[in-house]
Protein chains: 2
Amino acid sequence: MALEHAILVSLLEQPGSGYELARRFDRSIGYFWTATHQQIYRVLRRMERDGWVEVRDVPQDGRPDKKVYSVAPPGHTALSDWLAEPVEPESVRHSLAVKIRGAAFGDPAGLIAETERHREVHAERLARYLAGEQRDFPESAELDAGQRLQHVVLRGGIAYERMTLDWLDDVLATLRRLGGAPEPH
Amino acid sequence: MALEHAILVSLLEQPGSGYELARRFDRSIGYFWTATHQQIYRVLRRMERDGWVEVRDVPQDGRPDKKVYSVAPPGHTALSDWLAEPVEPESVRHSLAVKIRGAAFGDPAGLIAETERHREVHAERLARYLAGEQRDFPESAELDAGQRLQHVVLRGGIAYERMTLDWLDDVLATLRRLGGAPEPH
DNA sequence: TCGGCCATGTAACACGTTACATGATTCT
DNA sequence: AGAATCATGTAACGTGTTACATGGCCGA
């Protein structure tokens with residue numbers, strides 16, 4: 001239910017095409033809400049039908065035409081309404097945790113490589129977030145309300161990745177102790 | 001794709017009915033993978049059809065019959081196969097974060113109550129996890145491999161809730177500073 | 001008597017994923 | 001020559017959510 005609202009927020013920050021939105025959902029907005037281009041196109045069409053967004057066809061030379069979407073007043077109203085109503089806190093979904101518990105009935109040592117792979121992915125994400133923070137929110141900068149809100153969300157992503165890295169180290173230590181492979185890296 | 005494997009893990013830990021599984025998905029397993037009873041019944045029927053689980057009808061007096069499921073050898077094999085193949089790390093989905101960024105185009109102060117509500121939910125979850133830890137993993141206890149793995153997963157849940165609480169405090173401070181409502185708590 | 005728990009299910013719909021399709025441009 | 005990027009889409013399928021349905025027991 002939040003995808004349309006995430007799109008509204010993104011389009012309010014900056015109008016753009018479905019393709020551009022899909023790229024933003026790989027960065028920025030995607031830090032806390034993911035979507036593929038197929039989902040985005042589908043929802044954009046529905047939002048256009050409902051009058052939440054407006055389209056402007058932008059011809060480009062040497063490239064396919066671009067449909068630039070922007071938020072129409074009813075879309076802005078819909079976003080405000082949604083902001084005012086409560087949403088349930090999401091629960092985590094972590095298939096690696098399922099695997100860890102499943103390892104009791106399989107091969108715990110076999111999970112070490114998988115856990116290390118996850119650790120690398122999260123380390124990369126953290127590095128990306130930290131680079132973004134340095135770039136967009138340098139110390140001693142005067143920030144407006146929107147930037148402060150963006151920054152606090154980014155700090156959430158950073159905290160999440162740091163916590164996850166620590167936990168994965170804990171998992172690795174636990175798996176190594178079980179498997180009798182005492183080499184810590 | 002992980003629901004069937006989460007069910008296999010849960011049934012290996014302890015055979016049970018669809019209803020009992022649904023209750024476990026509200027606790028324990030549900031700390032890192034959620035499912036409603038409708039999903040569970042649907043998947044159980046498919047798993048039974050594929051020979052992954054076996055059913056035993058248990059008549060009960062004064063209550064509806066119970067279908068007690070347990071893992072059959074092909075199910076055990078399927079779980080082992082899944083454990084050996086890589087899964088992609090999940091991305092976070094946090095609609096509150098969407099709201100926070102959306103607040104730049106709405107009413108930031110209006111989000112304070114919502115954020116406090118989320119904070120309470122996470123504080124309760126943390127308390128529940130900590131109580132479970134004290135109950136199931138007391139210090140100085142000898143733990144077998146399965147228990148150690150369960151414990152490290154629970155520690156992940158605890159770390160997640162602690163991190164989230166800290167972040168929500170950060171969010172609240174940010175929102176209060178924006179709104180000019182300097183009352184902390 | 002009323003709500004909650006035990007126990008299973010159907011139906012309809014929304015959301016998310018994967019595969020496929022097209023076609024020009026730009027970079028290596 | 002081949003791969004990546006820009007740009008939009010269809011089709012099929014699988015997963016997740018919501019509403020509804022049944023029916024007896026137990027405790028307040």
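Computation of the quantities below employed the complete heavy-atom set of this structure, encompassing side-chain atoms and omitting hydrogens, waters and symmetry-equivalent molecules. First the proteins, then the strands, lettered A, B, ... as listed; each starts at 1. Small disclaimer: the values here were computed from a predicted structure and weren't measured.
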### Message
Just to verify, what does A:W52 make a ring pair (Phe, Tyr, Trp, His ring centres under 6.0 Å) with, not counting sequence neighbours?
### Response
none

### Query
Does OP1 or OP2 of C:dG9 have a side-chain N or O of B:Y41 closer than 4.0 Å?
no

### Summary
Between CD1 of B:I40 and C1' of D:dT18 the distance, given in whole Å, is 16 Å

#### Entry: Length of the CD-C1' vector between A:E90 and D:dT17, whole Å
14 Å

Using residues 69-85 of chain B as the side-chain source, report each donor-acceptor pair under 3.5 Å to any protein atom, sequence neighbours left out, with the distance given to one decimal.
| from | atom 1 | to | atom 2 | distance (Å) |
| --- | --- | --- | --- | --- |
| B:H76 | NE2 | A:F105 | O | 3.1 |
| B:T77 | OG1 | B:P73 | O | 3.0 |
| B:S80 | OG | B:H76 | O | 3.2 |

Identify all pairs in which a protein N or O lies below 3.5 Å from an N or O of nucleotides 17-20 of chain C, and state each distance.
| from | atom 1 | to | atom 2 | distance (Å) |
| --- | --- | --- | --- | --- |
| C:dT17 | OP2 | A:Q39 | OE1 | 3.4 |
| C:dA19 | N6 | A:Q38 | NE2 | 3.1 |

### Length of the CZ-P vector between A:R45 and D:dT8, whole Å
11 Å

List, one per line, each side-chain donor-acceptor pair under 3.5 Å for residues 129-137 of chain A, sequence neighbours excluded.
| from | atom 1 | to | atom 2 | distance (Å) |
| --- | --- | --- | --- | --- |
| A:E133 | OE2 | A:H151 | NE2 | 2.8 |

### Message
Restricting to ring pair (Phe, Tyr, Trp, His ring centres under 6.0 Å), what partner residues turn up for B:H118, sequence neighbours left out?
### Response
none

## Note on the structure
In this structure, CG of B:L154 is separated from CD of B:Q147 (nearest 0.5 Å) by 12.5 Å

### Message
Using the side-chain heavy atoms of A:R46, tell me which of these nucleotides is nearest: C:dC15, C:dC6, D:dT15.
### Response
C:dC15

### Query
Quick one: A:K66 NZ to D:dT5 C1', roughly how many Å, whole number?
13 Å

### Query
Given atom CG of A:D26 and atom C1' of D:dC6, what is their separation to the nearest angstrom?
14 Å

### Query
D:dT15 C1' sits how many Å from B:L44 CG, rounded?
15 Å

### Message
Expressed as a whole number of angstroms, how long is the span from B:R23:CZ to C:dA7:P?
### Response
8 Å

### Message
Applying side chain to side chain donor-acceptor pair (under 3.5 Å), can you list everything that pairs with A:T115, at least two apart in sequence or on another chain?
### Response
none

### Message
Suppose we screen for side-chain contact (heavy atoms from CB on, under 4.5 Å). Which residues come up paired with A:P138, at least two apart in sequence or across chains?
### Response
A:A141

### Message
Show me the pairs that pass salt bridge (Lys or Arg N to Asp or Glu O under 4.0 Å) and involve residues 20-47 of chain A, at least two apart or across chains.
### Response
A:E4-A:R46, A:E20-A:K66

#### Entry: Contacts of B:Y41 that satisfy ring pair (Phe, Tyr, Trp, His ring centres under 6.0 Å) - sequence neighbours left out
B:H37

### Summary
The correct set of residues in residues 10-20 of chain B placing a heavy atom under 4.0 Å from DNA chain C is B:S17, B:G18, B:Y19

### Task
Report the residues that fulfil side chain to side chain donor-acceptor pair (under 3.5 Å) with B:D169, sequence neighbours left out, ordered by chain and then residue number.
B:R119

### Task
Measure the spacing between CD of A:E88 and CG of B:L96 and express it to the nearest 0.5 Å.
11.5 Å

### Task
In whole angstrom, give the distance that lies between atom CZ of A:R56 and atom P of D:dA7.
14 Å

### Query
Just how large is the angle between the end axes of the helix from C:dT1-D:dA28 to C:dT28-D:dA1, five pairs per end, to 10 degrees?
40°

